Amino acid sequence: MPSRLAVLASGRGSNLQAIMDHFDNLARERIAKVVLVASNRADSPALIRAATASIDIASFDAGDDGAQLLALLRKFRIDLVVLAGYLKRVPSSVIREYSGRVINVHPALLPAFGGDGMYGARVHEAVIASGATESGVTVHLVDNDYDRGPIVAQWRVPVEKSDTAESLAARVLNVEHIVFPRAVEMVAMLQQLESNISA
Ligand code: GRF
(Lines give C-alpha, C1' and ligand atoms only; values in the text may rest on other atoms or scores of the structure.)
Protein backbone atom coordinates (compact mmCIF):
# COMPACT_ATOMS: atom_id res chain seq x y z
CA MET A 1 0.00 0.00 0.00
CA PRO A 2 1.41 3.42 -0.89
CA SER A 3 2.16 5.76 2.03
CA ARG A 4 -0.50 8.44 2.30
CA LEU A 5 1.18 11.85 2.31
CA ALA A 6 -0.18 15.13 3.64
CA VAL A 7 1.78 18.16 2.47
CA LEU A 8 1.57 21.32 4.59
CA ALA A 9 2.53 24.50 2.77
CA SER A 10 2.10 28.19 3.50
CA GLY A 11 3.35 29.82 0.32
CA ARG A 12 4.01 29.44 -3.36
CA GLY A 13 4.26 25.63 -3.25
CA SER A 14 7.07 24.89 -5.71
CA ASN A 15 8.32 22.03 -3.50
CA LEU A 16 4.77 20.71 -3.29
CA GLN A 17 4.70 20.75 -7.09
CA ALA A 18 7.99 18.85 -7.27
CA ILE A 19 6.62 16.22 -4.87
CA MET A 20 3.33 15.85 -6.74
CA ASP A 21 5.23 15.50 -10.04
CA HIS A 22 7.67 12.98 -8.56
CA PHE A 23 4.93 10.63 -7.37
CA ASP A 24 2.81 11.10 -10.49
CA ASN A 25 4.58 8.15 -12.04
CA LEU A 26 3.50 4.51 -12.46
CA ALA A 27 6.35 3.07 -10.41
CA ARG A 28 6.47 5.69 -7.69
CA GLU A 29 2.75 5.98 -7.07
CA ARG A 30 3.06 2.53 -5.52
CA ILE A 31 5.43 3.95 -2.90
CA ALA A 32 3.57 7.11 -1.88
CA LYS A 33 0.86 9.46 -2.97
CA VAL A 34 -0.17 12.95 -1.93
CA VAL A 35 -3.72 12.65 -0.64
CA LEU A 36 -4.06 15.96 1.19
CA VAL A 37 -2.57 19.44 0.95
CA ALA A 38 -3.31 21.69 3.89
CA SER A 39 -2.35 25.25 4.74
CA ASN A 40 -2.64 27.76 7.54
CA ARG A 41 -3.40 30.27 4.77
CA ALA A 42 -6.62 29.78 2.85
CA ASP A 43 -5.19 31.90 -0.01
CA SER A 44 -1.95 29.92 -0.34
CA PRO A 45 -0.97 29.32 -4.00
CA ALA A 46 -0.01 25.81 -2.87
CA LEU A 47 -3.70 25.03 -2.38
CA ILE A 48 -4.42 26.10 -5.97
CA ARG A 49 -1.67 23.81 -7.27
CA ALA A 50 -3.16 20.90 -5.32
CA ALA A 51 -6.72 21.60 -6.43
CA THR A 52 -5.48 21.77 -10.05
CA ALA A 53 -4.05 18.29 -9.58
CA SER A 54 -7.39 17.11 -8.09
CA ILE A 55 -5.88 16.56 -4.64
CA ASP A 56 -8.01 17.27 -1.57
CA ILE A 57 -7.22 20.58 0.11
CA ALA A 58 -7.94 22.03 3.53
CA SER A 59 -6.99 25.04 5.58
CA PHE A 60 -7.08 25.46 9.33
CA ASP A 61 -7.23 28.48 11.62
CA ALA A 62 -4.04 30.41 12.34
CA GLY A 63 -4.68 29.86 16.06
CA ASP A 64 -5.15 26.08 15.77
CA ASP A 65 -3.49 24.34 18.73
CA GLY A 66 -3.17 21.15 16.71
CA ALA A 67 -6.70 19.82 17.19
CA GLN A 68 -7.91 20.82 13.72
CA LEU A 69 -4.76 19.58 12.01
CA LEU A 70 -4.78 16.26 13.88
CA ALA A 71 -8.43 15.72 13.02
CA LEU A 72 -7.59 16.26 9.34
CA LEU A 73 -4.59 13.92 9.43
CA ARG A 74 -6.69 11.21 11.08
CA LYS A 75 -9.61 11.69 8.70
CA PHE A 76 -7.32 11.23 5.68
CA ARG A 77 -5.43 8.33 7.36
CA ILE A 78 -2.12 10.11 6.78
CA ASP A 79 1.10 8.10 7.17
CA LEU A 80 3.65 10.85 6.58
CA VAL A 81 3.40 14.63 7.02
CA VAL A 82 5.58 16.64 4.62
CA LEU A 83 6.36 20.29 5.40
CA ALA A 84 7.03 22.13 2.16
CA GLY A 85 7.52 25.80 2.96
CA TYR A 86 5.30 25.57 6.02
CA LEU A 87 5.95 28.66 8.11
CA LYS A 88 4.24 27.73 11.37
CA ARG A 89 5.49 25.60 14.20
CA VAL A 90 3.88 22.16 14.13
CA PRO A 91 1.91 21.77 17.39
CA SER A 92 3.43 19.32 19.86
CA SER A 93 0.26 17.20 19.87
CA VAL A 94 0.87 16.52 16.14
CA ILE A 95 4.59 15.83 16.67
CA ARG A 96 3.68 13.36 19.44
CA GLU A 97 1.14 11.41 17.38
CA TYR A 98 3.32 11.54 14.22
CA SER A 99 6.67 11.02 15.90
CA GLY A 100 9.31 10.23 13.23
CA ARG A 101 6.72 10.82 10.51
CA VAL A 102 7.00 14.59 9.96
CA ILE A 103 9.61 15.65 7.42
CA ASN A 104 10.83 19.15 6.51
CA VAL A 105 13.10 20.81 3.97
CA HIS A 106 15.41 23.65 5.01
CA PRO A 107 17.34 25.79 2.49
CA ALA A 108 20.76 25.59 4.16
CA LEU A 109 23.13 23.05 5.68
CA LEU A 110 21.71 22.44 9.16
CA PRO A 111 22.62 22.71 11.98
CA ALA A 112 24.07 25.96 10.56
CA PHE A 113 21.65 28.75 9.64
CA GLY A 114 18.60 27.16 11.25
CA GLY A 115 16.41 27.79 14.26
CA ASP A 116 13.63 30.15 15.20
CA GLY A 117 13.20 33.04 12.75
CA MET A 118 15.54 31.48 10.17
CA TYR A 119 13.34 31.14 7.12
CA GLY A 120 13.01 32.56 3.62
CA ALA A 121 15.45 35.27 2.55
CA ARG A 122 16.87 35.57 6.09
CA VAL A 123 18.59 32.21 5.73
CA HIS A 124 20.36 33.17 2.51
CA GLU A 125 21.23 36.65 3.78
CA ALA A 126 22.85 35.07 6.85
CA VAL A 127 24.80 32.58 4.72
CA ILE A 128 26.16 35.37 2.49
CA ALA A 129 26.95 37.64 5.46
CA SER A 130 28.93 34.79 7.08
CA GLY A 131 31.23 34.51 4.06
CA ALA A 132 30.46 30.79 3.68
CA THR A 133 31.51 29.37 0.32
CA GLU A 134 28.82 26.73 0.33
CA SER A 135 25.24 26.38 1.41
CA GLY A 136 22.81 23.60 0.60
CA VAL A 137 19.64 21.72 1.28
CA THR A 138 18.76 19.74 4.40
CA VAL A 139 15.86 17.32 4.72
CA HIS A 140 15.18 16.34 8.32
CA LEU A 141 12.61 14.77 10.60
CA VAL A 142 10.76 17.27 12.75
CA ASP A 143 10.72 17.13 16.53
CA ASN A 144 9.91 19.78 19.13
CA ASP A 145 13.32 21.43 18.72
CA TYR A 146 13.18 23.88 15.78
CA ASP A 147 15.34 22.66 12.81
CA ARG A 148 17.15 20.18 15.05
CA GLY A 149 15.50 16.83 14.22
CA PRO A 150 17.48 13.91 12.71
CA ILE A 151 18.90 14.71 9.27
CA VAL A 152 17.69 12.45 6.46
CA ALA A 153 19.54 13.99 3.49
CA GLN A 154 21.84 16.90 2.70
CA TRP A 155 23.15 18.30 -0.56
CA ARG A 156 25.74 21.03 -1.00
CA VAL A 157 25.25 24.10 -3.18
CA PRO A 158 28.08 26.54 -3.92
CA VAL A 159 27.84 30.19 -2.88
CA GLU A 160 29.23 32.47 -5.62
CA LYS A 161 31.05 35.71 -4.77
CA SER A 162 28.47 37.71 -6.75
CA ASP A 163 25.47 36.06 -5.02
CA THR A 164 22.58 38.03 -3.61
CA ALA A 165 20.06 36.37 -1.29
CA GLU A 166 17.77 36.01 -4.34
CA SER A 167 20.31 34.33 -6.62
CA LEU A 168 21.43 31.95 -3.87
CA ALA A 169 17.82 31.15 -2.96
CA ALA A 170 17.08 30.27 -6.59
CA ARG A 171 20.11 27.97 -6.86
CA VAL A 172 19.22 26.23 -3.59
CA LEU A 173 15.54 25.92 -4.55
CA ASN A 174 16.43 24.08 -7.77
CA VAL A 175 18.28 21.52 -5.68
CA GLU A 176 15.43 21.29 -3.16
CA HIS A 177 13.15 20.23 -6.01
CA ILE A 178 15.47 17.31 -6.78
CA VAL A 179 16.47 16.24 -3.27
CA PHE A 180 13.24 16.67 -1.29
CA PRO A 181 10.94 14.35 -3.28
CA ARG A 182 13.62 11.65 -3.29
CA ALA A 183 14.15 11.98 0.47
CA VAL A 184 10.38 11.72 1.02
CA GLU A 185 10.37 8.57 -1.12
CA MET A 186 13.20 7.10 0.93
CA VAL A 187 11.46 7.82 4.25
CA ALA A 188 8.20 6.33 2.94
CA MET A 189 10.01 3.16 1.84
CA LEU A 190 11.75 2.84 5.22
CA GLN A 191 8.44 3.25 7.04
CA GLN A 192 6.85 0.56 4.94
CA LEU A 193 9.78 -1.76 5.57
CA GLU A 194 9.48 -1.13 9.31
CA SER A 195 5.76 -1.83 9.38
CA ASN A 196 6.22 -5.01 7.28
CA ILE A 197 8.86 -6.26 9.70
CA SER A 198 6.73 -5.55 12.76
CA ALA A 199 3.55 -7.03 11.17
C1 GRF B 1 11.84 26.61 0.41
O2 GRF B 1 13.03 27.28 0.17
C3 GRF B 1 11.95 25.74 1.65
O4 GRF B 1 13.24 25.27 1.88
C5 GRF B 1 11.58 26.67 2.75
O6 GRF B 1 10.58 27.51 2.20
C7 GRF B 1 10.71 27.57 0.78
C8 GRF B 1 9.39 27.14 0.23
O9 GRF B 1 9.29 27.33 -1.16
N10 GRF B 1 11.22 25.94 3.94
P11 GRF B 1 8.05 26.74 -1.94
O12 GRF B 1 6.78 27.28 -1.28
O13 GRF B 1 8.12 25.25 -1.87
O14 GRF B 1 8.18 27.25 -3.34
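Order of listing sets the numbers, starting from 1, for every ligand and every atom in it. Source: prediction; values computed, not measured.
Between Asn15 and ligand 1, a contact under 3.5 Å exists for at least one N or O pair. Residue Gly13 places at least one N or O, backbone or side chain, under 3.5 Å from an N or O of ligand 1. For Ser14, a nitrogen or oxygen atom sits less than 3.5 Å from a nitrogen or oxygen atom of ligand 1, counting backbone and side chain alike.
In terms of modelled atom types and a separation under 3.5 Å, the side chain of Ser39 and the main chain of Ala42 share no donor-acceptor contact. In this structure, Gln154 contributes its side chain and Leu110 its backbone to a donor-acceptor pair below 3.5 Å.
For ligand 1 and Pro107, the ligand atoms under 4.0 Å from any heavy atom of the residue are 2 (O), 4 (O). Of all atoms in ligand 1, listed by their number and element, those nearer than 4.0 Å to a heavy atom of Glu176 are 1 (C), 2 (O), 3 (C), 4 (O).
Taking a 6.0 Å sphere around CZ of Arg156, one finds it holds 12 or fewer heavy atoms contributed by other residues, nucleotides or ligands.
Judged purely by distance below 3.5 Å, without hydrogens or angles, the side chains of Ser14 and His177 pair a donor atom with an acceptor atom. At a cut-off of 3.5 Å, with distance as the only test, no side-chain donor of Gln192 or Asn196 sits close to an acceptor on the other residue.
For atom 9 (O) of ligand 1, the closest non-hydrogen atom on the protein side is Arg12 NH2, 3.0 Å. Protein heavy atom at the shortest distance from atom 10 (N) of ligand 1 is Val105 O, 3.3 Å. Nearest non-hydrogen protein atom to atom 8 (C) of ligand 1 is Gly85 CA, 3.6 Å.
Salt bridge status for Asp64 with Lys88: absent, with no side-chain N to carboxylate O gap under 4.0 Å.
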